[in-house]
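Numbering of ligands and ligand atoms starts at 1, following listing order. Sequence positions, counted from 1, serve as the residue numbers for this chain.
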Amino acid sequence: MNFTSVQDVQDVAALIDEAIELKNDPLAFRHLGRDKTLGLVFLNPSLRTRLSTQKAASNLGMNVMAVNADRDSWAIEFQDGAIMNGTTVEHIRDAAPVIGSYCDIIGVRCFPGLVSREADYDEHVMKQFIRWTGRPFLSLESATLHPLQSLADCITIAEHRPPHRPKVVLAWAPHVKALPQAVANSFSEWMCRLDVEFVISHPPGYELDPGYTGNATVEYNYEKALEGADFVYVKNWSSYSDYGQILSHDPSRMLTEKHLAGAPGAKVMHCLPVRRNVELSDEIADGPRSLLQLQAENRVFAAQAVLKRILQKL
Ligand code: SN0
């Protein structure tokens, strides 16, 4: 069993329930992972993903080994047939089976290059890890998706669900850097599987790959999009059509209390790390609407529910 996308989950509601059950009794399956090893490979930085996944594995009694493959280890070559006389030191065909031989489950973080849309959306790096480790695979954010984050977001929404069908708004916010579309793609495809009204708001040119957004409503008018929102998920992403480019710095899309006059009950979400006073204001991050810390806390139980299911199938 691999976990790379919501497509790997048959019953999203059951997985959310399972995570909430684990949150209520985190050590209930502490013998399940005995003598099993989780290997975590980071090609990019991480705080929450690394610590929450380690914590989840430890709650299940697993051993964990983590490596920063960009820094503490040899630079990996992913191109087939490469003449390796440059900066990369070992090929994924050699490195991955080694990791696979030490571990029962492999988690990998591999951000997109944001240069070639074809290469990024083909998930070449992730596919190579899956192929050459030969082990169950856990995405720790790939080039296009961040499913453990989205599952934690679904748990957080479930915990704060109003009595009516909630309106969830994915709100593009400005940023200083060109960021992946992964969090936004992933959040969209998970929202399409929940019983919610899902609206996406961004400046023109930031349309996401329709393969992930399904029938979501795109509302370019930010004020209109936020009207009556129950959850506002703030996130920056770079352009998908003008691939990897920054098309707007519009400061009026930094979420502030003023934006939420028409959404008095709105809760605000962000996956972190957040650029305060660029993506959203301090008053939002530190105020009573903020679910930011709860989302981070729920990362543990998202990872634990998924690891539990993988362990049960080993
Ligand atoms: C990553 C992203 O995909 O947007 C990871 C989010 C979980 N975020 C960043 O790379 C932020 C970098 C920055 O400089 O703010």
Side-chain angles (χ1 to χ4, degrees), residues 3-6 40-56 66 68-71 107-115 117 119-121 123 125-126 138-156 170-191 200 202 206 208-209 212-213 233-240 243-249 251 253-255 268-282 284-285 290-300 302-303 306:
F3 183 76
T4 63
S5 149
V6 77
L40 302 177
V41 180
F42 289 91
L43 298 171
N44 315 94
S46 171
L47 174 72
R48 276 150 295 277
T49 298
R50 180 168 180 152
L51 297 181
S52 65
T53 308
Q54 288 198 359
K55 172 85 180 174
N68 298 319
D70 57 335
R71 272 167 292 135
V108 176
R109 164 160 286 192
C110 48
F111 285 0
L114 293 180
V115 176
R117 187 166 96 174
D120 289 345
Y121 275 69
E123 292 285 10
V125 172
M126 181 176 84
L138 180 64
S139 167
L140 306 175
E141 188 172 346
S142 71
T144 64
L145 293 169
H146 194 359
L148 285 176
Q149 179 66 51
S150 308
L151 176 55
D153 299 336
C154 287
I155 298 165
T156 308
L170 172 60
W172 181 92
H175 202 284
V176 290
K177 274 182 14 197
L179 295 191
Q181 295 99 36
V183 170
N185 285 340
S186 192
F187 185 71
S188 298
E189 69 168 9
W190 284 73
M191 284 306 111
I200 308 176
H202 53 68
Y206 280 97
L208 294 164
D209 179 345
Y212 303 110
T213 57
Y233 199 101
V234 180
K235 184 72 185 86
N236 171 268
W237 62 89
S238 60
S239 175
Y240 173 70
Y243 192 65
Q245 298 303 303
I246 298 177
L247 307 179
S248 167
H249 287 284
R253 289 213 176 232
M254 174 180 94
L255 191 77
V268 176
M269 303 175 73
H270 188 290
C271 61
L272 300 176
V274 68
R275 298 295 187 113
R276 280 174 175 240
N277 305 309
V278 176
E279 295 179 81
L280 49 76
S281 62
D282 280 336
I284 293 279
S290 172
L291 298 180
L292 274 51
Q293 288 298 325
L294 185 60
Q295 285 172 267
E297 184 189 336
N298 285 334
R299 291 294 308 272
V300 174
V306 172

What distance do Ser150 atom OG and Glu141 atom CD have between them, rounded to the nearest 0.5 Å? 9.5 Å
Name all residues meeting the ring pair (Phe, Tyr, Trp, His ring centres under 6.0 Å) criterion together with Tyr212; count only those two or more places apart in sequence or in a different chain, and write none if there are none. none
For Thr144 and Asn185, which I'm curious about, is there any donor-acceptor pair between the side chains at under 3.5 Å? no
Could you work out, with ring pair (Phe, Tyr, Trp, His ring centres under 6.0 Å) as the rule, every residue matching Tyr243, not counting sequence neighbours? none
N/O pairs closer than 3.5 Å, ligand 1 and protein:
unit_1	atom_1	unit_2	atom_2	d
ligand 1	3 (O)	Glu141	OE2	2.6
ligand 1	4 (O)	Lys235	NZ	2.8
ligand 1	14 (O)	Lys177	NZ	2.7
ligand 1	14 (O)	Arg275	NH2	2.6
ligand 1	15 (O)	His175	NE2	3.0
ligand 1	15 (O)	Arg275	NE	2.9
ligand 1	15 (O)	Arg275	NH2	3.4

Residues that Tyr240 engages under ring pair (Phe, Tyr, Trp, His ring centres under 6.0 Å), provided they are two or more places apart: Tyr121
Spatial distance of atom NE2 (His270) from atom CG (Asp153) [nearest 0.5 Å]: 10.5 Å
